[in-house]
S.K.: 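A single structure is presented below for examination.
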Amino acid sequence: MSVKIDETLTVECETGNYHTFCPISCVSWLYQKIEDSFFLVVGTKTCGYFLQNALGVMIFAEPRYAMAELEEGDISAQLNDYEGLKKLCIRIRKDRDPSVIIWIGTCTTEIIKMDLEGMAPKLEWEIGIPILVARANGLDYAFTQGEDTVLAAMAHRCPEPEFSVRERKETIQNFLTFHSRKKEELGEYANHPSLVLFGSLPFNVASQLNLELKRQSIKVSGWLPAQKYTDLPSLGDGVYVCGVHPFLSRTATTLIRREKCQLIGAPFPIGPDGTRAWIEKICPVFGVEPQGLEEREKRIWEGLKDYLDLVHGKSVFFMGDNLLEVSLARFLIRCGMIVHEIGIPYMDKRYQAAELSLLQDTCKKMCVPIPRIVEKPDNSNQIRRIRELQPDLAITGMAHANPLEARGISTKWSVEFTFAQIHGFANARDVLELVTRPLRRQKNLEDLGRTTLVRK
Ligand code: SF4
């Protein structure tokens, strides 16, 4: 069969009229990740309602986040913002004793121009707890980009590397002579400059990635964020950094420009293909030749065979709301699926360059056209396209999931990919478990003779 392949990658832009979670939702996973943190969302009841509903049962588990709810008086500047926030932070210190308080700015603090950045250092000095400010508001950002704003703020608080200029020179010298040495001579780890990974991952997934790099004798010096605020990694000139999430472009820019780190541009470790490519981009930077990756990837693909049979030849449409779309689409294409469209809230072509090029290579390898990438999509236009294309699966938010299901289109709720463990070799099965669940259910319903629930 000959297929005409469109080899050019184009990113279209629509109206930005789409559904997504507000970026303040990042508190839900970040407070769990950073064990000694407390998040204070400074906003209105709207933000409170959203958090309460979106985070479901979590709100009953005494989470380490709260709302500082603005009143009429705050908005008309009759009340003193500084005194109000001070009272709240003193109470948080007394009740929870966190190592850091993170203020999350919202749409309202932006519109009334509340000077959170100005107040934070003064209050920090007064009450003796670090206070960070992240403007994770719905005016500027979408969903997972909330984490990006928090990590960019946190990067400023990372300590400088402890070793002196002389020691640093020695390390670089060692690094330069490294290429001439054999791997066996180097013991468990190669002697290389610091590598810090950025992106919040559950403890076990972060350890799996540490272990993958350890297999290549590369040591991960630290993670941004660390399990505890007090364990933030050292950053500075000569430190290499690499991201694990596609939505951390601001953090990457901060690390390069402000902290003077060297960014390793790599595809993201999602799916066995992405994980291998990620490791393969890191290794040469430290003069290490990757070992045994091809066989490891092959073994993982073999283990996925049951799922691959289910998805092969099926088509999928990403409406786009969490910025993981390109990496997921690339993995699904490699699994044999056809991707009609990759909607995405925001595309940083520089930060995602390696991922986009892997997407292109994957399409060539699988002999399928490169899907259209639509930045800031328009959900109504997308629904029209879905009706025409009739994909086997639409990956979408809750607003469209049930209406599409009722019209015979299987859907997968996109938010689950954000909370599920999808990174590394070991978790590729989990991604396919999520993707195939609606397909399996649809098949069962077809057997019962039911496909649509509304009149066409
Ligand atoms: S979009 Fe703005 S107002 Fe709405 S929940 Fe988010 S920060 Fe609050």
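Atoms within each ligand, like the ligands themselves, are counted from 1 in listed order. Small disclaimer: the values here were computed from a predicted structure and weren't measured.
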S.K.: Any donor and acceptor pair, going by atom type alone, linking the side chain of His423 with main-chain N or O of Val244 inside 3.5 Å?
M.R.: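 Flag set: sc His423 to bb Val244 pair under 3.5 Å.
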
S.K.: Please state which protein non-hydrogen atom is closest to atom 8 (Fe) of ligand 1 and give its distance, to 0.1 Å?
M.R.: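 Sorting protein heavy atoms by distance from atom 8 (Fe) of ligand 1 puts Cys47 SG, 2.3 Å first.
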
S.K.: Taking the side chain from Arg429 and the backbone from Tyr307, do they hold a donor-acceptor pair closer than 3.5 Å?
M.R.: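 Not a single qualifying donor-acceptor pair exists.
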
S.K.: Tell me which protein heavy atom sits closest to atom 4 (Fe) of ligand 1, plus the residue, atom name and distance to 0.1 Å.
M.R.: Thr46 CG2, 4.1 Å

S.K.: Considering only non-hydrogen protein atoms, determine which one is nearest to atom 6 (Fe) of ligand 1 and report residue, atom name and distance to 0.1 Å.
M.R.: Cys22 SG, 2.2 Å

S.K.: So, are Glu126 and Lys122 salt-bridged, with charged N and O less than 4.0 Å apart?
M.R.: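 Answer for the salt bridge query: no.
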
S.K.: If you measure from CZ on Arg250 to OH on Tyr141, what distance do you get to the nearest 0.5 Å?
M.R.: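 So the CZ of Arg250 and the OH of Tyr141 are separated by 3.0 Å.
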
S.K.: Verify the distance test for Cys107 against atom 6 (Fe) of ligand 1: any N/O/S atom under 2.8 Å, yes or no.
M.R.: no

S.K.: Thr106 heavy atoms, cut-off 4.0 Å: which ligand 1 atoms fall inside?
M.R.: 7 (S)

S.K.: Taking the six-membered ring for Trp, are the ring centroids of Phe143 and Phe21 within less than 6.0 Å of each other?
M.R.: yes

